[in-house]
Structure formats: C-alpha cells, structure tokens
2 protein chains.
Amino acid sequence: MRETGYTIRTMAARCGMTTHTLRYYERVGLIQPVGRARNGHRRYSDADEAWLNFLHCMRDTNMPIREMQRYAALRENGEASTLERRKILEDHRATIAAQIVALEKAHALLNHKIENYRKIEERIRVPRAAQESTETREFAVAG
Amino acid sequence: MRETGYTIRTMAARCGMTTHTLRYYERVGLIQPVGRARNGHRRYSDADEAWLNFLHCMRDTNMPIREMQRYAALRENGEASTLERRKILEDHRATIAAQIVALEKAHALLNHKIENYRKIEERIRVPRAAQESTETREFAVAG
DNA sequence: TGTTGACTTAAAGCGCGCTTCAGGGAGTAG
DNA sequence: CTACTCCCTGAAGCGCGCTTTAAGTCAACA
C-alpha cells in the first residue's frame, strides 16, 4: 500500500478537523471526491489540504455550509465564475466586519463589568473602616 | 388595562428579539419571571430591558445559553457570587478575543483572495494584447 | 353578539453542522 | 488463524437555539 497522499487521519490532524467531518464535507460537495489508494482508502493531496484549510477558516468565521457549497460549486466551472465567487467572498468579508464590531462592543462592555466586579469585591474584602477615602461608587448595571 | 411596563411586543422590538424568544428566555431561566398585568400579560421594566440587552449582547458574541443560565442563576444570590460571575465574564472575554483573532485572520485572507480575483477579472476583461506590461502573475491559492 | 387582535400556555418541530452507529473489508503482527 | 487497527458506507441521532403549532383567555369594537 503506497500511493501518495495523506490518509484521512493525517489530514484530519493537519487541518484540525475530525475524519468524520472530512467525509461529511466530501459527501456534501465541499470537497471534490478525493483520490483513493488501491484498497479504496482516501488519499489527500497538498491541494486538498490548502482548500480544506480555507474551508476551515471560513467555517471558523461562521460562513454557512450552504454558502461554502455555492462557492465550491462555482470553483468547479473555472474562470467563468470569478465574479460571482468574488461577490461571495466580499459578502462574507462584510459579515466578518460586522461580527468584529459586535465582538468589540461586547469586549468593551465586559471590560467595564469586570472592572466593576473587581470594585465590588474590593468593597466586600476591605474592612468597613478603610472604605472612606476610596470613591468606588459605581454599581452593577444589569448584572 | 394600565399597569406600568412594556408589553412583550414592545420589549421585543426594543431589544431586537422576538416575543417567542422573550418567553423562551424566561422559561429557561435567563430572565426572572417578569411582572404581569391584571389580565396575566407580561409587563417588562427598564431593568428587564437592561438585562435583556446584556443577554443579547452575550448571545451575539456566542456565549452559550447554558453559560448565560449559570450567570443568571448566580446573579440571584447576590454579592456572594461576584467572584464566580466575574470569572464567567473573564472567560467569555477571552473567547471573544479569540474570535476576534480568527475573524481578523479570515478578513486578511479574504482581502488577498478578493484582490486576486480582481486581477484575474482584469486579465480576462483586458484584450490579450494589452497584457504584456502588467505583471499580474499571482494566481488563486486554493480557491 | 360575534369577530378581531393581542396575549397566554405546553408541546412539538426545525435547520444547522456535525457525530455516532451498525456492519463490513483489507492489511499486519503474533 | 486470530486479533488488531485503520479504513469504508449509509443512515440515524444529537445538541443548540430558537420557532411554530394548537388551543385557549380576555378586552375592545362594529
């Protein structure tokens, strides 16, 4: 048993997915039917790896499988589809930007709330007498 | 029918959820049993709104319902739980940071790929002859 | 009076993205 | 030969976060 390429196990490890996910992705058309060894086992190429890493990156950023399927399908019919493919990527880039905005808003909010908790903890921890000078007068806002 | 507070409809509108979601959140304990009008209809307070907005913000940033439940439950037993609550928020802040990293990585990747598509489109659009001078020799990397 | 509309509940259903299961084959070590 | 490991397939199952359904109450309006 030789035949070049990575086994499904190896590939799964290399791109941070499970073997199940790799088969699933192939089944739903996210990746073209992959090469096989003589015994029928899958053999992944470096090109497969690059594509899978790309898919992984898109999934990590919440691109729906459906959208990835659209993109993968377009890729099959070559340069005729570059415009449409670019549009998909631009749309996803926009949703990524929106996600970043939401995340940064939440991050800032958490910074405040965490700081507030710290102050409350301080107030509890410190003996009542010692509180005079410190004006820690901000309280929890909705939780 | 008076009795102060927002109706479920109004509240849903104000915090960008559906009425269904508001009832669901109450049912699973994310929000305390809310006040009722004499006819049994829910009446939301400003405090409810603030809390719901906070929940919304956490959900938007992929905090699991389970975690929000934990946090909500802790909130009920007052200052005894500030430490634990702070830990939850700090953990979530960390996952937010991680998400931002992933998103920014993907964003950069998309910038490259989109630019690359633009070049390919250029190459296709421009008459063959005019191509000599432009060294647009970057091709698609895995998609 | 009867119809409309906003609300109520408990329970069932759904879309997503895998994950697990059941059953089988092929190669290798002891 | 047996046992073990790795792979195969098709199908069923699952956890999440709602969403929809079905059936009912109540108040206002024509």
Side-chain angles (χ1 to χ4, degrees), chain A residues 1-45 48 52 54-72 92 95 99 102, chain B residues 1-45 48 52 54-72 92 95 99 102:
Chain A
M1 196 75 34
R2 250 351 318 259
E3 304 170 70
T4 47
Y6 309 108
T7 66
I8 193 167
R9 237 178 145 55
T10 307
M11 198 47 156
R14 288 180 77 102
C15 60
M17 306 181 185
T18 69
T19 59
H20 305 293
T21 301
L22 288 182
R23 291 194 204 95
Y24 167 71
Y25 276 16
E26 188 174 338
R27 185 153 54 80
V28 301
L30 282 180
I31 172 168
Q32 290 274 93
V34 76
R36 301 286 180 137
R38 257 184 244 88
N39 59 6
H41 292 192
R42 288 175 179 79
R43 288 296 178 266
Y44 291 86
S45 69
D48 291 330
L52 284 167
F54 172 68
L55 290 179
H56 196 187
C57 186
M58 294 302 99
R59 273 302 301 141
D60 267 3
T61 54
N62 305 304
M63 179 180 275
I65 295 277
R66 275 189 193 289
E67 202 71 355
M68 308 204 312
Q69 284 171 325
R70 279 219 304 137
Y71 187 85
H92 187 54
T95 82
Q99 288 178 70
Chain B
M1 199 74 34
R2 227 36 273 282
E3 305 172 68
T4 48
Y6 308 110
T7 65
I8 193 167
R9 239 178 143 56
T10 306
M11 198 48 159
R14 288 180 78 103
C15 61
M17 307 180 183
T18 68
T19 58
H20 305 293
T21 302
L22 287 184
R23 289 194 204 95
Y24 168 69
Y25 276 16
E26 189 174 335
R27 183 154 55 80
V28 301
L30 283 180
I31 171 169
Q32 290 272 94
V34 76
R36 301 288 178 134
R38 255 183 246 90
N39 59 8
H41 291 193
R42 288 175 179 79
R43 289 294 179 269
Y44 291 86
S45 69
D48 292 328
L52 284 167
F54 172 68
L55 291 179
H56 196 188
C57 187
M58 295 303 99
R59 273 303 300 141
D60 267 4
T61 55
N62 305 306
M63 179 181 275
I65 294 278
R66 274 189 196 287
E67 203 70 356
M68 308 205 311
Q69 285 171 325
R70 277 219 306 137
Y71 187 85
H92 186 53
T95 81
Q99 289 179 69

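Order of the sequence lines fixes the chain letters, A, B, ..., with proteins taken first and strands second; residue numbering starts at 1 for each chain.
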May I ask you to verify if any side-chain N or O of [X] is less than 4.0 angstrom from the OP1 or OP2 atom of [N]?
X	N	result
A:Arg42	D:dC7	no
A:Thr7	D:dC7	yes
B:Arg43	C:dA6	no

Rounded to the nearest Å, what distance is computed from the [atom1] atom of residue [X] to the [atom2] atom of nucleotide [N]?
X	N	atom1	atom2	answer
B:Glu67	D:dG17	CD	C1'	16 Å
A:Met68	C:dC16	CE	P	13 Å
B:Gln69	D:dC18	CD	C1'	13 Å
B:Asp60	D:dC18	CG	C1'	14 Å
B:Arg38	D:dA28	CZ	P	12 Å
B:Asn62	C:dG17	CG	P	13 Å

Could you check whether any side-chain heavy atom of [X] comes within less than 4.5 Å of a side-chain heavy atom of [Y], counting everything from C-beta outward?
X	Y	answer
A:Arg42	A:Glu26	yes
B:Thr10	B:Arg14	yes
A:Leu52	A:His56	no

Handout entry: Polar contact flag, side-chain donor to acceptor under 3.5 angstrom, B:His41-B:Thr7
Key = no
Just distance, no hydrogens or angles: give the donor-acceptor pairs under 3.5 Å from side chains in residues 17-24 of chain A, sequence neighbours left out.
residue	atom	partner	partner atom	Å
A:Thr18	OG1	A:His20	N	3.3
A:Thr18	OG1	A:Thr21	N	3.0
A:Thr18	OG1	A:Thr21	OG1	2.9

Practice task
Please answer whether the main-chain N or O of A:Ser45 pairs with a side-chain N or O of A:Asp48 as donor and acceptor at a distance below 3.5 Å.
Solution key: yes
From [options], nucleotide with atom closest to [X] side chain:
X	options	answer
A:Arg36	C:dG17, D:dG17, D:dT9	D:dT9
A:His41	C:dT8, D:dC8, D:dC18	D:dC8
A:Ile65	C:dG17, C:dA26, D:dC26	C:dG17

Fill in the blank from the handout: Of all heavy-atom pairs linking B:His92 and B:Asn62, the shortest is CE1-C, 4.2 Å
Practice task
Under 4.0 Å from any atom of DNA chain D, heavy atoms only: list the residues of residues 11-32 of chain B that qualify, in numerical order.
Solution key: B:Thr18, B:His20, B:Thr21, B:Tyr24, B:Tyr25, B:Arg27
